[in-house]
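Index from 1, following the sequence.
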Amino acid sequence: MVRVKKGKTAHKKRKRTLKETKGFRWGRKSKYKSAKEALMHAREYAYRDRRTKKREFRKLWQIQINAATRKLGMPYSRFIAGLKKKEVEIDRKILATLAKKHPQVFEKIVEEVKS
């Protein structure tokens, strides 16, 4: 049988890995062994943080809504409970955006919940 040499394939693989680690610091961008390990960790963190990001943003929106509702004399918990009671289905992301960019509209929503 013919001997198969993997020089071309191996070179392509190493080149792709080093291309993906472009912008990493120190030897992790130029030394294959370090680059491979750094890339493995980077992918792990990316996977984990795609889930964490959702939690972090929800926390942020809750804080923003709480700050806005307290200015109008109502705590966050009562505001959210009022929304559920009135069957107003606006998610926290939209509420936080309204509180920040369109305070008049947000104020009307709070008044609706208060009544």
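In this structure, Lys85 places its NZ atom where only 12 or fewer heavy-atom neighbours from other residues, nucleotides or ligands lie under 6.0 Å away. For His11, the NE2 atom counts as loosely surrounded, since its 6.0 Å shell holds 12 or fewer non-hydrogen atoms of other residues, nucleotides or ligands. Other residues, nucleotides and ligands place more than 12 heavy atoms under 6.0 Å from the CZ atom of Arg51. Residue Lys13 qualifies as open at atom NZ: its count of foreign heavy atoms under 6.0 Å is 12 or below.
Here Arg43 pairs with Glu20 in a salt bridge; the nearest charged N to carboxylate O distance falls below 4.0 Å. Ion pairing between Glu56 and Lys59 holds under the 4.0 Å rule for side-chain N and carboxylate O.
Criterion: ILVMFWY side-chain heavy atoms under 4.5 Å apart, direct or through other members. Under it, Ile63 and Leu95 are not part of a common hydrophobic cluster. Residues Tyr32 and Met40 do not share a hydrophobic cluster, defined by chaining ILVMFWY side chains whose heavy atoms lie under 4.5 Å apart. A continuous path of ILVMFWY side-chain contacts below 4.5 Å connects Tyr76 to Val105, so both sit in one hydrophobic cluster. Follow the hydrophobic side-chain contacts under 4.5 Å out from Tyr45 and you never reach Phe24; the two are in separate clusters.
Between the CD atom in Glu111 and the NZ atom in Lys108 there is a gap of 11.0 Å [rounded to 0.5 Å]. Between the OG1 atom of Thr97 and the CD1 atom of Ile90 there is a distance of 11.0 Å, given to the nearest 0.5 Å. Note: Lys29 NZ to Leu39 CG = 15.0 Å, rounded to the nearest 0.5 Å. Note that CD of Glu107 is 11.0 Å distant from NZ of Lys71, once rounded to the nearest 0.5 Å. From Arg92, atom CZ reaches atom CD of Gln62 across 5.5 Å, with rounding to the nearest 0.5 Å. For the atom pair CD1 (Ile65) and CH2 (Trp61), the distance works out to 9.0 Å, reported to the nearest 0.5 Å.
Using modelled atom types, one side-chain atom of Lys54 and one backbone atom of Arg50 make a donor-acceptor pair closer than 3.5 Å. Not a single donor-acceptor pair under 3.5 Å links the side chain of Asp49 to the backbone N or O of Thr52. A donor-acceptor pair under 3.5 Å is formed between the side chain of Lys86 and the backbone N or O of Ser115.
Side-chain contact between Arg28 and Thr21 is absent, with no heavy atoms from C-beta onward closer than 4.5 Å. Inter-residue side-chain proximity for Phe79 and Leu72 is flagged as unmet; no heavy-atom pair is nearer than 4.5 Å. The shortest distance between side-chain heavy atoms of Phe106 and Thr69 falls below 4.5 Å. With a 4.5 Å cut-off on side-chain heavy atoms, Val113 and Ile80 do not count as touching.
Nearest heavy-atom pair, Ala35 versus Leu18, reported as atom, atom and distance to 0.1 Å: CB-CD2, 3.8 Å. Among all heavy-atom pairs drawn from Ser34 and Gly27, the shortest one is CB-O, 4.0 Å.
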